[in-house]
Amino acid sequence: MYHYTPLESYMREFLLFLSIQTPNQLTIDHIMERLNIHVHYWNDKSEAMIYKGKKRMFINKQLSNEERWQIFGHELCHIMMHHGSQFNMPASFLAYQEWKADNFALHVCVPTFMLLQMDLPFRKPQAIYEVASTFGVTPQFASRRLEHLENQYIGSIFDQKLIREMSGISKVNEDYGDYT
């Protein structure tokens, strides 16, 4: 049994709220329209901002479609989860926000609930190709996303074994308690 992380659960609820249930509905246009975000393509570095209540995202137009989608996921985190300017932010907190935005992008571009519905090939290179082509991301991004899923699976298995072990220990203790 797979245990969703809080971010995975949030992402599922968020996307279902936007009436997004399948990978082909995961597009920049679809999400920007539903969240009233203005997306501009330009030649500079990608960034996001909220100014006078208007959400704007600037995406480098020289990126591939896959990279644009991934950057959109990253910048969407900044619009939805972060407030204020990063200009005077301590470097460590800036790094933390960027890490969170990268993690958010992994989950909005390739949501767990959609990933779990796929019948992925057993061999990792084929699975990476399948995820990349289904969700419109680069193979490197798909590989990182599959690593996250694999780690979460391993964590779930460990949790289940630990719970079983702990149940056994408490049963032993209960049994032992009966004889004292």
Side-chain angles (χ1 to χ4, degrees), residues 2-116 128 131-132 134-153 155-156:
Y2 186 84
H3 293 283
Y4 280 82
T5 65
L7 177 60
E8 290 169 331
S9 296
Y10 168 82
M11 199 57 69
R12 182 175 183 273
E13 296 303 315
F14 168 67
L15 293 173
L16 293 177
F17 173 77
L18 298 177
S19 302
I20 296 174
Q21 300 176 0
T22 60
N24 65 344
Q25 296 172 311
L26 286 167
T27 66
I28 293 174
D29 290 344
H30 195 85
I31 294 175
M32 68 181 253
E33 182 182 305
R34 298 202 185 239
L35 296 177
N36 197 22
I37 299 171
H38 300 277
V39 176
H40 307 277
Y41 296 95
W42 67 349
N43 287 319
D44 212 337
K45 182 180 149 199
S46 300
E47 61 184 46
M49 65 184 326
I50 300 175
Y51 183 69
K52 294 187 177 180
K54 293 191 179 196
K55 298 172 242 173
R56 297 190 188 281
M57 197 178 292
F58 300 90
I59 298 177
N60 185 305
K61 65 182 178 186
Q62 296 171 4
L63 299 174
S64 68
N65 287 337
E66 293 83 5
E67 291 167 325
R68 287 181 188 180
W69 172 233
Q70 294 163 197
I71 288 294
F72 177 81
H74 176 97
E75 299 299 340
L76 184 60
C77 178
H78 290 307
I79 285 179
M80 293 182 58
M81 305 289 184
H82 304 151
H83 298 282
S85 172
Q86 291 183 328
F87 286 118
N88 295 324
M89 189 174 286
S92 59
F93 196 72
L94 175 65
Y96 172 71
Q97 279 195 347
E98 293 303 314
W99 175 85
K100 289 202 58 116
D102 285 345
N103 193 42
F104 187 94
L106 286 172
H107 289 85
V108 74
C109 295
V110 184
T112 301
F113 76 96
M114 292 182 195
L115 201 51
L116 292 175
I128 290 169
V131 168
T134 300
F135 292 95
V137 296
T138 63
Q140 296 82 8
F141 191 91
S143 178
R144 280 200 342 254
R145 184 62 182 96
L146 287 173
E147 283 177 25
H148 271 243
L149 185 69
E150 188 177 350
N151 289 339
Q152 188 61 23
Y153 261 123
S156 291

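We're numbering straight along the sequence, starting at 1.
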For a quick test of reading the model, state the closest non-hydrogen atom pair linking [X] to [Y] and the distance between them.
X: H107; Y: L7; answer: ND1-CD2, 3.5 Å
X: A132; Y: A142; answer: N-CB, 3.8 Å
X: G73; Y: C109; answer: CA-SG, 4.2 Å
X: L35; Y: M80; answer: CD1-SD, 4.3 Å
X: Q70; Y: A105; answer: O-CB, 3.7 Å

Using the rule given for side chain to side chain contact (heavy atoms under 4.5 Å, CB included), can you reason through N43 versus K61, listing the C-alpha separation, both sets of side-chain angles and the distance that settles it, and then say yes or no? CA-CA 6 Å; N43 287 319; K61 65 182 178 186; 3.1 Å; yes

Determine whether a donor-acceptor pair (N or O, by modelled atom type, separation under 3.5 Å) exists between the side chain of [X] and the backbone of [Y].
X: S156; Y: Q152; result: yes
X: R56; Y: M49; result: no
X: R145; Y: V110; result: yes
X: E75; Y: I71; result: no
X: Q97; Y: H82; result: no

Hey, does [Y] have a side-chain heavy atom less than 4.5 Å from the side chain of [X]?
X: Y4; Y: M11; answer: no
X: L15; Y: Q21; answer: no
X: M57; Y: I79; answer: yes
X: H78; Y: F104; answer: no
X: F72; Y: S46; answer: no

Within the supplied structure, the quantity of interest is the number of heavy atoms (other residues, nucleotides, ligands) at a distance under 6.0 Å from E33 CD; does it exceed 12?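 Atom CD in E33 is not crowded, with 12 or fewer foreign heavy atoms closer than 6.0 Å.
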
Just wondering, are more than 12 heavy atoms of other shown residues or ligands nearer than 6.0 Å to OH in Y96?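 Counting neighbours around OH of Y96, 12 or fewer heavy atoms of other residues, nucleotides or ligands fall under 6.0 Å, so no.
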
Decide side chain to side chain donor-acceptor pair (under 3.5 Å) for T27 and D29; before the verdict, give the C-alpha distance in whole Å, the side-chain angles of both, and the deciding distance to 0.1 Å. CA-CA 5 Å; T27 66; D29 290 344; 5.7 Å; no

Consider only side-chain N and O atoms of E8 and H3, and report whether a donor and an acceptor are under 3.5 Å apart.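 Note: E8 and H3 side chains miss the donor-acceptor criterion.
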
What distance do [X] atom [atom1] and [Y] atom [atom2] have between them, rounded to the nearest 0.5 Å?
X: K45; Y: N60; atom1: NZ; atom2: CG; answer: 11.0 Å
X: R144; Y: I128; atom1: CZ; atom2: CD1; answer: 12.0 Å
X: I20; Y: M114; atom1: CD1; atom2: CE; answer: 7.0 Å
X: F135; Y: W69; atom1: CZ; atom2: CH2; answer: 10.0 Å
X: I31; Y: N36; atom1: CD1; atom2: CG; answer: 14.0 Å
X: Y10; Y: F17; atom1: OH; atom2: CZ; answer: 10.0 Å

Going through the checks in order, is the side chain to side chain contact (heavy atoms under 4.5 Å, CB included) test met by S19 and R34? CA-CA 9 Å; S19 302; R34 298 202 185 239; 3.9 Å; yes

Check the pair T112, H148 against side chain to side chain contact (heavy atoms under 4.5 Å, CB included), reporting the backbone distance first and the verdict last. CA-CA 10 Å; T112 301; H148 271 243; over 6 Å; no

For side chain to side chain contact (heavy atoms under 4.5 Å, CB included), just list the numbers for D102 and F141, CA-CA rounded to whole Å, side-chain angles, deciding distance to a tenth of an Å, and then say yes or no. CA-CA 10 Å; D102 285 345; F141 191 91; over 6 Å; no

Mind checking whether H40 and H38 have parallel, tilted or perpendicular rings, split at 30° and 60°?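 Rings of H40 and H38: parallel, as their planes differ by under 30°.
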
